[in-house]
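Notes for the one structure printed next.
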Amino acid sequence: MNIERSVGEKLKLDCYGKCESARICYVASGIAADEIDSAVVTVFESAPESWEDIPKHSAEILHSPGGGMLEIAVNYREENSSSSSRKSSSKSNGDREWRVDVHARQKQMRHARALAGAFAVNGVTVPNPGTLVNWNGRSGIGSSSTPVTAYEPEMILSCIATFRKSKTQSNSYLRQISNLVGKVNSERFQQWAAGELLFLGLSCGPVFKGKNGESLCDLTFRFSVRCNGTRTLDGFSTEVDGWDHLWGIYSVRNGVNILDNAYISRLYDRAPFSVLDL
């Protein structure tokens, strides 16, 4: 019996271009009437054990033209779905997963919360720096201070949202998202009060097949959280929205910085986050 590879070939690729299944054809010749079953087994055993990393699964007769010839196909496929399909088979359009990451970030501070101690060394009078850090001891125009590195908490909120491929490639939807980057929520959103969420942007994952067979994609939305509440500036306290900034103007009296005026500045534009469809 003679076995030759034929031109017949059929490949099925997934959305990543990876082979999911294959059919490779062979022509066997010189086969007697009672050797047909053994010919199929021989072709199957002589074929490669895998094709594009897909294991050999079965063999079948495609055509029997006579004259002791058979066209036999060897099929390659996984017993179940491919690894990429298994990973995403439980997902469907509309799935949401929220994650929180709380960590510390560095910042530079010129003013402390309060003066915790002052000591006279070598009998020198101790000037009062107020809340200045690393103050040079001078008043008026000659007063200066050097900032110190400090840490403050930062909370990052992420949402992994599963959408249909068509939505994630919609220019209209992506344009709306782009316009929200760097803005703060103007109304309550996902249990967070207005003014507390700063939208940092999103990242887009690869396209995959969902449990219902549709083409899906995960978008990961990121927000920085700063809670609304009371803030204090040198003894002055007021309610401040999370991403607004409390600051003041000082004057120097007898070598001490005195807060004269306090202000709240809105650093970021606000917009409704409902267009994110989360």
Legend entry - Electrostatic pair D95-K211, nearest N-O below 4.0 angstrom: no
For the [atom1] atom on [X], are there more than 12 heavy atoms of other groups (residues, nucleotides or ligands in this structure) within a distance under 6.0 Å?
X: Y151; atom1: OH; result: no
X: R138; atom1: CZ; result: no
X: D37; atom1: CG; result: no
X: K165; atom1: NZ; result: no
X: E152; atom1: CD; result: yes

With a 3.5 Å distance limit and no angle check, can you tell me whether [X] reaches the backbone of [Y] through a side-chain donor-acceptor pair?
X: E196; Y: N228; result: yes
X: Q190; Y: L278; result: yes
X: K56; Y: F44; result: yes
X: D218; Y: G205; result: no

Separation of [Y] [atom2] from [X] [atom1] (nearest 0.5 Å):
X: C204; Y: L174; atom1: SG; atom2: CG; value: 8.0 Å
X: D277; Y: Q176; atom1: CG; atom2: CD; value: 10.0 Å
X: T162; Y: L216; atom1: OG1; atom2: CG; value: 6.5 Å
X: F273; Y: W192; atom1: CZ; atom2: CH2; value: 13.0 Å
X: K209; Y: E214; atom1: NZ; atom2: CD; value: 10.5 Å
X: M1; Y: M69; atom1: CE; atom2: CE; value: 13.0 Å

Legend entry - Trace of the side-chain contact (heavy atoms from CB on, under 4.5 Å) decision for I156 with L200: CA-CA 9 Å; I156 301 297; L200 302 178; 3.9 Å; yes
Any heavy-atom pair between the side chains of [Y] and [X] that's under 4.5 Å?
X: C159; Y: R96; result: yes
X: Y76; Y: H57; result: no
X: L202; Y: T220; result: no
X: W98; Y: L157; result: yes
X: R110; Y: V133; result: no
X: V148; Y: Q108; result: no
X: Y173; Y: L219; result: yes
X: I24; Y: R5; result: yes

Decide whether [X] and [Y] are clustered together by the hydrophobic rule: side chain heavy atoms of Ile, Leu, Val, Met, Phe, Trp, Tyr closer than 4.5 Å, transitively.
X: W243; Y: L180; value: no
X: L197; Y: V181; value: yes
X: Y268; Y: F199; value: no
X: I160; Y: V207; value: no
X: V100; Y: F221; value: yes

Determine the minimum heavy-atom distance between [X] and [Y], stating which atoms define it.
X: I3; Y: S46; answer: CD1-OG, 3.9 Å
X: E187; Y: N185; answer: O-ND2, 3.0 Å
X: N134; Y: P147; answer: ND2-O, 4.2 Å
X: A161; Y: F163; answer: CB-CE1, 3.6 Å
X: L233; Y: W247; answer: CD2-C, 3.4 Å
X: A271; Y: K183; answer: CB-CD, 4.0 Å

Output all residues satisfying salt bridge (Lys or Arg N to Asp or Glu O under 4.0 Å) with [X], sequence neighbours left out; order by chain, then residue number.
X: R164; value: none
X: E35; value: none
X: E154; value: R105

Inset, instruction - For a side-chain hydrogen bond (donor to acceptor under 3.5 Å, both in side chains) with D244, tell me which candidate from R231, R266, R226 qualifies. - result: R266
Inset, instruction - Kindly indicate, with the supporting measurements, whether the criterion side-chain contact (heavy atoms from CB on, under 4.5 Å) is fulfilled by L62 and R23. - result: CA-CA 11 Å; L62 295 181; R23 169 176 284 182; 3.9 Å; yes
Inset, instruction - Begin from the C-alpha positions of L132 and S143 and carry the test side-chain contact (heavy atoms from CB on, under 4.5 Å) through to its verdict. - result: CA-CA 10 Å; L132 283 176; S143 176; 4.1 Å; yes
Legend entry - Face-on cation placement of R99 at F223 ring, 6.0 Å and 45° thresholds: no
Legend entry - Derivation of the side-chain contact (heavy atoms from CB on, under 4.5 Å) call for I54 and K12: CA-CA 11 Å; I54 304 298; K12 181 181 178 183; over 6 Å; no
